[in-house]
*Asks:* 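If you scroll down you'll find the structure; I have some questions about it.
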Amino acid sequence: MHEAIMRFPSDWFYHGSLQAAPEVKSRGILQFDTPVVWYDTAAVGYAETCSTESLSRSNREEARFLLVQLHNYILKIGAERIKDENIDFGIISPYKAQVHYLRHLVKTTPFFRPFRKSGPLHTEDGFQGQERDVIFISLVRANENGRIGFLNDLRRMNVAMTRARMKLVIIGDALTLTRHPFYKKLYGYIAGHGTIEEIPAGFETSFPEQE
């Protein structure tokens with residue numbers, strides 16, 4: 001994987017022992033691309049909800065925002081290049097309810113149909129043993145108490161982050177998440193080695209047309 005993606009999990013989990021292979025350590029997809037991005041949703045107030053049936057959590061506005069960013073990134077790369085170079089994408093969330101909603105959005109949005117049917121776009125709650133060129137992670141949790149549930153299991157975050165070869169995009173409410181030392185450190189790392197995108201208050205999600 002790209003060295004900027006590898007460095008934080010290497011330092012946190014493996015005492016800095018991981019080394020990026022020379023042929024991929026600086027490899028990206030787009031020229032002047034940023035390999036690690038955190039979209040901070042705190043200012044827009046995307047809210048988590050809990051399913052009364054499964055007790056799993058989802059954050060629908062965050063999911064829609066993720067799909068918009070994925071849509072825009074695919075357009076920047078270009079469908080022909082994605083096909084020719086077999087560029088693949090993964091969407092990960094620790095919450096099954098969020099994964100189910102993301103799958104619904106992907107399935108009902110015509111734009112994603114060719115990418116879903118040809119195999120380069122996958123939505124999962126776990127990617128153990130798999131890798132993708134581009135990984136989007138939806139962290140879901142957004143509340144006044146700083147409760148993060150499953151996200152306390154840092155092994156899951158390690159697995160999720162290290163699935164990305166060339167581009168890692170994290171979407172989450174930094175105000176909630178950075179109360180935990182791991183996410184605070186991660187946020188600081190991305191601020192110094194990648195890009196923090198703070199979504200401004202009042203931001204309107206313009207989602208691609210659905211069926």
Side-chain angles (χ1 to χ4, degrees), residues 1-42 62-63 65-94 102 112 115 120-124 126-140 151 154-174 177-178 180 182-199:
M1 70 189 76
H2 194 289
E3 187 169 32
I5 298 172
M6 180 207 70
R7 183 54 50 203
F8 181 82
S10 176
D11 290 345
W12 186 278
F13 295 104
Y14 304 107
H15 308 289
S17 62
L18 299 185
Q19 298 294 323
E23 63 270 21
V24 298
K25 64 183 298 183
S26 300
R27 184 184 174 200
I29 295 177
L30 298 172
Q31 192 173 19
F32 307 116
D33 201 0
T34 303
V36 188
V37 178
W38 181 318
Y39 285 100
D40 179 12
T41 66
E62 181 175 293
F65 178 85
L66 184 156
L67 266 294
V68 169
Q69 298 309 314
L70 175 58
H71 167 270
N72 293 342
Y73 195 64
I74 287 174
L75 287 179
K76 287 181 180 179
I77 300 170
E80 285 301 316
R81 185 181 168 205
I82 291 171
K83 180 180 178 181
D84 292 344
E85 299 182 18
N86 295 316
I87 297 172
D88 53 8
F89 304 82
I91 304 171
I92 301 177
S93 179
L102 283 160
F112 293 113
F115 306 102
L121 177 57
H122 304 264
T123 306
E124 303 288 346
F127 260 81
Q128 189 77 40
Q130 302 182 54
E131 294 179 342
R132 300 285 182 260
D133 294 317
V134 182
I135 290 288
F136 280 71
I137 304 176
S138 172
L139 296 180
V140 176
L151 299 182
L154 302 182
R155 295 170 298 178
R156 294 169 66 94
M157 270 304 290
N158 182 30
V159 170
M161 293 168 59
T162 55
R163 300 310 91 194
R165 297 188 190 102
M166 291 185 282
K167 177 83 171 184
L168 173 64
V169 179
I170 295 172
I171 300 174
D173 184 326
L177 296 160
T178 57
H180 189 287
F182 172 85
Y183 296 96
K184 182 178 181 179
K185 190 78 171 180
L186 175 60
Y187 188 89
Y189 172 83
I190 296 175
H193 298 85
T195 301
I196 300 291
E197 295 281 356
E198 296 183 358
I199 307 170

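The analysis underlying the following values was restricted to heavy atoms, covering all of them including side chains, and did not include hydrogens, waters or symmetry mates. The first residue of the sequence shown is numbered 1, and numbering continues consecutively from there.
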*Asks:* How many angstroms lie between atom CE of Met157 and atom CD1 of Ile170, to the nearest 0.5 angstrom?
*Replies:*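 These two atoms lie 4.5 Å from each other.
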
*Asks:* State, with a plain yes or no, whether a side-chain heavy atom of Val36 is found less than 4.5 Å away from one of His193.
*Replies:*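 No; the side chains remain at least 4.5 Å from each other.
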
*Asks:* Hey, could you give me each pair passing salt bridge (Lys or Arg N to Asp or Glu O under 4.0 Å) that has a residue in residues 67-79? Not counting sequence neighbours.
*Replies:*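 Found none.
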
*Asks:* Could you tell me whether a side-chain N or O of Ser10 sits under 3.5 Å from a main-chain N or O of Met6, the two making a donor and an acceptor?
*Replies:*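 No; zero donor-acceptor contacts below 3.5 Å.
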
*Asks:* For the NZ atom of Lys185 and the CH2 atom of Trp12, what is their distance to the nearest 0.5 Å?
*Replies:*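 So the gap between those two atoms works out to 7.5 Å.
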
*Asks:* Can a donor-acceptor pair be found, under 3.5 Å and without considering hydrogens, that links the side chain of Ser93 to the backbone of Ser138?
*Replies:*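 Looks like yes, one N/O pair under 3.5 Å.
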
*Asks:* For the aromatic rings, using the six-membered ring if either is Trp, is the centroid distance between Phe89 and Phe115 under 6.0 Å?
*Replies:*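 Centroid distance Phe89-Phe115: not below 6.0 Å, so no.
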
*Asks:* Between Glu198 (side chain) and Asp40 (backbone), is there a donor-acceptor pair under 3.5 Å?
*Replies:*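 No, because the side chain of Glu198 does not come within donor-acceptor range (under 3.5 Å) of the backbone of Asp40.
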
*Asks:* Quick one: closest heavy-atom pair of Arg27 and Glu23, and the distance?
*Replies:*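 Minimum heavy-atom contact is CB-O, 4.3 Å.
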
*Asks:* Can you check side-chain contact (heavy atoms from CB on, under 4.5 Å) on Leu66 and Tyr39, steps first, answer last?
*Replies:* CA-CA 9 Å; Leu66 184 156; Tyr39 285 100; over 6 Å; no

*Asks:* If I take atom CG from residue Leu30 and atom CE from residue Met166, how far apart are they, to the nearest 0.5 angstrom?
*Replies:*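 Here the interatomic distance stands at 9.5 Å.
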
*Asks:* Between Phe13 and Phe182, does the ring centroid distance fall short of 6.0 Å?
*Replies:*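 Aromatic pair counts; centres sit under 6.0 Å.
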
*Asks:* What heavy-atom pair brings Gly172 and Trp38 nearest, and what distance separates the two atoms?
*Replies:*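 Minimum heavy-atom contact is O-NE1, 3.1 Å.
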
*Asks:* Determine yes or no for a side-chain-to-main-chain donor-acceptor pair under 3.5 angstrom, with Arg163 supplying the side chain and Arg132 the backbone.
*Replies:*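 Absent.
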
*Asks:* Grab the two heavy atoms, one from Pro94 and one from Leu151, that are nearest each other, plus how far apart they are.
*Replies:*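 What the structure gives for the nearest pair is CG-CD2, 3.4 Å.
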
*Asks:* Using every non-hydrogen atom in the two residues, find where Val37 and Lys167 come nearest and quote the distance to one decimal.
*Replies:*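 So the two residues come closest at CG2-NZ, 3.8 Å.
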
*Asks:* Measure the CG-CE distance between Leu18 and Met1 for me, rounded to the nearest 0.5 Å.
*Replies:*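 It is 7.0 Å, given to the nearest 0.5 Å.
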
*Asks:* Quick check for you: to the nearest 0.5 Å, what is the distance between Ile82 atom CD1 and Ile77 atom CD1?
*Replies:*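 Between Ile82 CD1 and Ile77 CD1, I get 4.5 Å after rounding to 0.5 Å.
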
*Asks:* Measuring from Thr195:OG1 to Asp33:CG, what's the distance to the nearest 0.5 Å?
*Replies:*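 If I round to the nearest 0.5 Å, the distance is 9.0 Å.
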
*Asks:* Taking side chain as C-beta onward, heavy atoms only, is His71 less than 4.5 Å from Leu75?
*Replies:*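 The answer is yes, as the side chains (C-beta and beyond) meet within the 4.5 Å cut-off.
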
*Asks:* Ignoring hydrogens, what is the shortest heavy-atom contact between Asn158 and Pro9? Give both atom names and the distance.
*Replies:*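 The answer is OD1-CB, 3.7 Å.
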
*Asks:* Which heavy atom of Arg165 sits nearest to which heavy atom of Asp133, and what is that distance?
*Replies:*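 For Arg165 versus Asp133, the nearest heavy atoms are NH1-OD1, 3.0 Å.
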
*Asks:* So among Tyr189, Tyr187, Tyr183, which one has a ring pair (Phe, Tyr, Trp, His ring centres under 6.0 Å) with Phe8?
*Replies:*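 When Tyr189, Tyr187, Tyr183 are each tested with Phe8, the ring pair (Phe, Tyr, Trp, His ring centres under 6.0 Å) holds only for Tyr189.
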
